[in-house]
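Single-structure report; data block below.
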Amino acid sequence: MLGPVILAASRSDRMRRLISAAPVTKQVVDRFIPGETVDEILPIVRELTGNGLELTMDVVGEDITTREQAAAARDAYLELIGRLGPLELGTRAEMSVKLSMFGQALPGGHELALANVRPVVEAAAAIGTTVTLDAEDHTTLDSMFAIHEELRKDFPQTGCVIQAYLFRTGEDARRLAAAGSRVRLVKGAYKEPAEVAHQQKHEIDKAYVRILRTLMEGDGYPMIGSHDPRLISIAQELARTAGRKLDEYEFQMLYGIRGDEHLRLAAEGHRMRVYTAYGTDWYGYFMRRLAEKPANLGFFLRSMISHD
């Protein structure tokens with residue numbers, strides 16, 4: 001499987017230098033990360049929302065090693081929210097955050113991440129929108145869910161992400177499928193051991209459907225994070241069976257992948273949210289997108305070959 005190899009490369013300084021130096025890299029990265037600054041990303045926000053789409057915004061960044069870096073990540077989100085406010089988009093533009101960016105892995109990281117993310121959630125609420133906590137590797141999830149529960153005491157609209165390939169996720173889904181909750185279901189993109197996660201695609205797909213059924217039959221708000229046409233079709237059928245209206249769930253896909261499908265779903269009346277990342281620290285995010293989907297790797301390699 002190529003995924004683990006690519007994930008290993010995402011942590012390699014040598015591979016970072018090699019890929020960053022390739023002349024075609026910026027062109028390909030721009031497909032997934034349409035800007036490095038708020039000024040560059042705001043026209044994308046206007047374009048997508050003008051086309052009937054919604055967004056979840058991610059300021060990219062990984063490998064936070066100091067409290068200063070964690071504070072800078074917090075401030076980057078606060079800047080973004082400050083610039084989104086005048087656009088009056090409300091929940092049409094929300095935020096996605098990784099708690100590792102807010103210092104979760106540092107000494108005292110649980111308390112530090114909560115202290116850093118809270119003002120971001122407060123600022124988002126002040127402009128009428130919300131924040132979703134992204135899921136990372138399985139060792140971080142108890143902390144993430146605890147922070148999610150704490151934030152929801154004051155900001156019940158705060159969402160979270162669950163990953164279908166983890167064995168624990170069925171139980172997490174049953175707990176989270178409650179009134180007022182917002183839960184994004186994804187397959188999962190981290191290299192996890194066989195002791196905690198399914199390893200084969202067909203097992204992950206079956207788990208995804210089981211968990212999505214739990215969310216659809218629950219009282220919360222499911223967010224279907226997938227580009228898989230078969231899973232999208234199954235999600236629509238599960239929603240119909242559960243008696244859900246079109247505004248009682250939503251689809252989410254990455255910027256740069258299946259853009260025509262984004263527009264098709266929106267045109268059919270579905271809520272379609274585009275996960276849109278920006279920032280200068282793009283390498284880890286970019287490599288994870290390659291690991292998630294072989295077609296992305298093929299696109300990148302073909303582009304490199306055609307520009308040699």
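None of these values were measured; they are calculated from a predicted model.
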To the closest 0.5 Å, what do you measure between [atom1] ([X]) and [atom2] ([Y])?
X	Y	atom1	atom2	value
Arg174	Glu217	CZ	CD	12.0 Å
Thr169	Arg210	OG1	CZ	10.5 Å
Lys191	Gln199	NZ	CD	7.0 Å
Arg83	Leu87	CZ	CG	9.0 Å
Leu141	His148	CG	NE2	12.5 Å
Ile232	His227	CD1	NE2	8.0 Å

Donor-acceptor under 3.5 Å ([X] side chain, [Y] main chain):
X	Y	result
Asn51	Leu53	no
Gln69	Thr66	yes
Tyr278	Val38	no
Thr49	Arg46	yes
Tyr77	Val117	no
Thr91	Thr129	no
Thr37	Glu40	yes
His262	Ile257	yes
Glu136	Leu99	yes
Ser96	Asp58	no

Pair [X] + [Y], salt bridge at N-O below 4.0 Å:
X	Y	result
Asp205	Lys201	yes
Arg175	Glu171	no
Glu149	Arg152	no

Heavy-atom side-chain contact between [X] and [Y] under 4.5 Å:
X	Y	result
Phe155	Thr130	no
Phe145	Thr140	no
Leu215	Met223	no
Tyr165	Tyr208	no
Val161	Leu133	no
Gln236	Glu268	yes
Met57	Val45	yes
Leu114	Leu151	yes

Is there a continuous path of hydrophobic side-chain contacts, each under 4.5 Å between heavy atoms, that joins [X] to [Y]?
X	Y	result
Leu166	Tyr190	yes
Phe167	Leu185	no
Val186	Leu265	no

Using a 6.0 Å cut-off, check whether atom [atom1] of [X] has over 12 heavy atoms from anything other than its own residue.
X	atom1	answer
Glu88	CD	no
Arg230	CZ	no
Asp247	CG	yes

Nearest heavy-atom neighbours spanning [X] and [Y]:
X	Y	answer
Ala76	Val59	CB-CG1, 4.0 Å
Gly103	Ala70	N-CB, 3.7 Å
Pro34	Ile44	CB-CG1, 4.0 Å
Pro222	Arg244	CD-NH1, 3.4 Å
Ala146	His110	CB-CE1, 3.8 Å
Val183	Leu176	CG2-CB, 3.8 Å

>> I need the single residue from Glu111, Gln104, Arg67, Arg74 that forms a side chain to side chain donor-acceptor pair (under 3.5 Å) with Asn116. Which is it?
In response: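 So the option named by the test is Arg74.
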Residue pair [X] / [Y], side-chain donor-acceptor N/O under 3.5 Å:
X	Y	answer
Gln252	Thr56	no
Tyr275	Arg184	no
Ser226	Asp228	no

> Would Leu231 and Lys187 count as a side chain to side chain contact (heavy atoms under 4.5 Å, CB included) if you check the C-alpha gap in whole Å, the side-chain angles of each, and the deciding distance to 0.1 Å?
Replying inline: CA-CA 11 Å; Leu231 291 180; Lys187 289 186 179 181; 3.4 Å; yes
> Looking at Arg182, Arg273, Arg92, which hits salt bridge (charged side-chain N to carboxylate O under 4.0 Å, His left out) with Glu250?
Replying inline: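 The option that passes is Arg273.
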>> Can you confirm whether or not the ring centre of Phe251 sits under 6.0 Å from the ring centre of His270?
In response: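 Ring centroids of Phe251 and His270 are less than 6.0 Å from each other.
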> Taking only residues two or more places apart in sequence or in another chain, which ones pass salt bridge (Lys or Arg N to Asp or Glu O under 4.0 Å) with Asp142?
Replying inline: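 If we apply the salt bridge (Lys or Arg N to Asp or Glu O under 4.0 Å) test to Asp142, skipping adjacent residues, the hits are Arg168.
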> Given the rule in the side chain to side chain contact (heavy atoms under 4.5 Å, CB included) test, do Met253 and Met272 qualify, once you have shown the distances and angles that lead to the verdict?
Replying inline: CA-CA 8 Å; Met253 299 186 194; Met272 174 63 232; 3.6 Å; yes
>> Checking Leu84 against Leu42 for the side chain to side chain contact (heavy atoms under 4.5 Å, CB included) test, could you report, in this order, the C-alpha distance in whole Å, the side-chain angles of both residues, the deciding distance, and whether it holds?
In response: CA-CA 8 Å; Leu84 287 174; Leu42 287 181; 4.0 Å; yes
>> Pair Arg264, Glu261 - check salt bridge (charged side-chain N to carboxylate O under 4.0 Å, His left out), show working.
In response: CA-CA 5 Å; Arg264 183 188 72 81; Glu261 181 71 354; 2.7 Å; yes
> Centre of Phe102's six-membered ring, under 6.0 Å away, within 45 degrees of the axis: is that where NZ or CZ of Arg118 sits?
Replying inline: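 No, a cation-pi geometry is absent between Arg118 and Phe102.
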>> Quick one, Arg271 with Tyr221, criterion side chain to side chain contact (heavy atoms under 4.5 Å, CB included). Give me CA distance, side-chain angles, the key distance, then yes/no.
In response: CA-CA 12 Å; Arg271 294 191 69 181; Tyr221 181 79; 3.1 Å; yes
